[in-house]
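Below is one structure, written out as structure tokens, with a few remarks after it.
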2 protein chains.
Amino acid sequence: MTTNGRKLTPRGKERRQQLLDHATQRFAETGYHPTSVADIVGGVGVGKGVFYWYFDSKEQLFLELLAEAQRDLRRTQRDAIASEDDPLRRLEIGIRAAFRWWAGHPEIMNLLQFAATEKQFRPALRQGQSVALGDAVTHLKEAIAEGRITDGDPEELAHAIIGLTGHLSRELVHRRGDDPERVADLAVTLLFDGLRGR
Amino acid sequence: MTTNGRKLTPRGKERRQQLLDHATQRFAETGYHPTSVADIVGGVGVGKGVFYWYFDSKEQLFLELLAEAQRDLRRTQRDAIASEDDPLRRLEIGIRAAFRWWAGHPEIMNLLQFAATEKQFRPALRQGQSVALGDAVTHLKEAIAEGRITDGDPEELAHAIIGLTGHLSRELVHRRGDDPERVADLAVTLLFDGLRGR
DNA sequence: GGGGTTCTTGACCGCCTGGTCAAGTCGTCC
DNA sequence: GGACGACTTGACCAGGCGGTCAAGAACCCC
């Protein structure tokens, strides 16, 4: 569908999705390289040829996972933000939507983190990240123009936001199992007012 | 020395270090798995047996890199902080020291990030991280007790600090090549006073 | 029930990997 | 110069990998 051009019956789409899901779990738990194609098809209970019916290669499957996840997160954020005009509120709502999304997709974090460590995957990762960055930068620029936040390079501030929210998702929501809404509160107040508060 | 118990002459220690250095670079650039032992010894220009004279396995070499890096960063922070009493200042100096250290060891960031994505390496990573966390928590607790920062779970705040500083190191210092001191300023003011400032 | 397409099987292939080892060289102390 | 460790070599190995493919099963429309 996305890269491997093939007509798929409903049954075919389901198989394909099974493979994607299983691969995601395995990659997240064990790692990309230690997970063999044999592991993936074994987990689904099908022959090896099935994998290559739906995907060109293990690498292509991984790239598709990356792209789809980034697309989905962004869509979620856009929908959440759509009805809000105020830039600072948009930023806040986007952050909260991100926490909620990450809470529902803990495995993806691992995939993204892994993608950053290998040459062949970095470009694909970068692409999605720069989109997220751009979204945040837009709101930050507006907020700065309105004098609502202190002046500063919006791109740098956006990186700070992404870094903080990503890490808190990993450590508090995924690892510790904390409530994403509560952690989002923490992130927002911390980002807006800092450790010393107002 | 650390795990592989062997007497090393000065020449031996140098070889060993050569291998460690080369492996670090390759792992960071290409990734752990795609870098073969043959690549590593080839880069140093020695036979394969040399590798296994100094290390038990590729995995052990990697674990040693992890442990040594975490130890070194912590030592650097401790030394920087030693002469300061004020908890908030200790926190700030620790953050600045971290930025300086990361600026000098960009490759390590990749190794840590990779280690987080694979089952076998997560425990080793976790260990070092919890030490860093503990250090930050200590200062935060003191600062809270003195009423210098708003009340909150110190562990959560520490995670926020680590996440923000780590990401800014990666994105601004390593990727964009920004001056670490300037980025440290940004991180400190942002963490203490937030986007809205005081 | 014929025929076309989608889907599935699993033996098979070439390749490369981490790791071994018998053999040899180097350095140095007596 | 001999002898004893510290080091080095590179051919070699078993095993696992990603990927292929000829053969067949399942499904569906006529």
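In what follows, every chain begins at residue 1, and chains take the letters A, B, ... in the order their sequences are listed.
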Between [N] ([atom2]) and [X] ([atom1]): distance, integer Å:
X: A:Tyr54; N: D:dG18; atom1: OH; atom2: P; answer: 20 Å
X: A:Gln60; N: D:dG18; atom1: CD; atom2: P; answer: 15 Å
X: A:Arg15; N: D:dA26; atom1: CZ; atom2: C1'; answer: 12 Å
X: A:Lys7; N: C:dT5; atom1: NZ; atom2: C1'; answer: 8 Å
X: B:Phe55; N: D:dC7; atom1: CZ; atom2: P; answer: 13 Å
X: B:Trp53; N: D:dT9; atom1: CH2; atom2: C1'; answer: 13 Å
X: A:Leu19; N: C:dT9; atom1: CG; atom2: P; answer: 11 Å
X: A:Arg11; N: C:dT5; atom1: CZ; atom2: P; answer: 17 Å

Exercise: do B:Gln18 and B:Arg15 side chains pair donor with acceptor under 3.5 Å: yes
Under 3.5 Å side-chain donor-acceptor pair for A:Gln17 and A:Asp21: yes
Parallel, tilted or perpendicular, as decided by the 30° and 60° cut-offs, for the rings of B:Trp101 and B:His105: parallel
With A:Trp53 via ring-ring contact (aromatic ring centres under 6.0 Å, His included) - residues at least two apart: none
Axial cation check for A:Tyr32 ring with A:Lys58, 6.0 Å and 45° limits: yes
Tabulate protein N/O versus nucleotide N/O from nucleotides 18-21 of chain C, keeping only pairs under 3.5 Å, one per line.
unit_1	atom_1	unit_2	atom_2	d
C:dG18	OP1	B:Lys58	NZ	2.7
C:dG18	OP2	B:Val37	N	2.9
C:dG18	N7	B:Lys48	NZ	3.1
C:dG19	OP2	B:Tyr52	OH	3.0
C:dG19	OP2	B:Lys58	N	3.0
C:dG19	O5'	B:Tyr52	OH	3.4
C:dG19	N7	B:Lys48	NZ	3.1
C:dG19	O6	B:Lys48	NZ	2.6

Hydrophobic cluster membership, B:Leu125 vs B:Ile162, 4.5 Å side-chain cutoff: no
Under-4.0 Å salt bridge between B:Arg75 and B:Asp79: no
DNA chain D contacts made by residues 39-47 of chain B, counting heavy atoms under 4.0 Å: B:Val46, B:Gly47
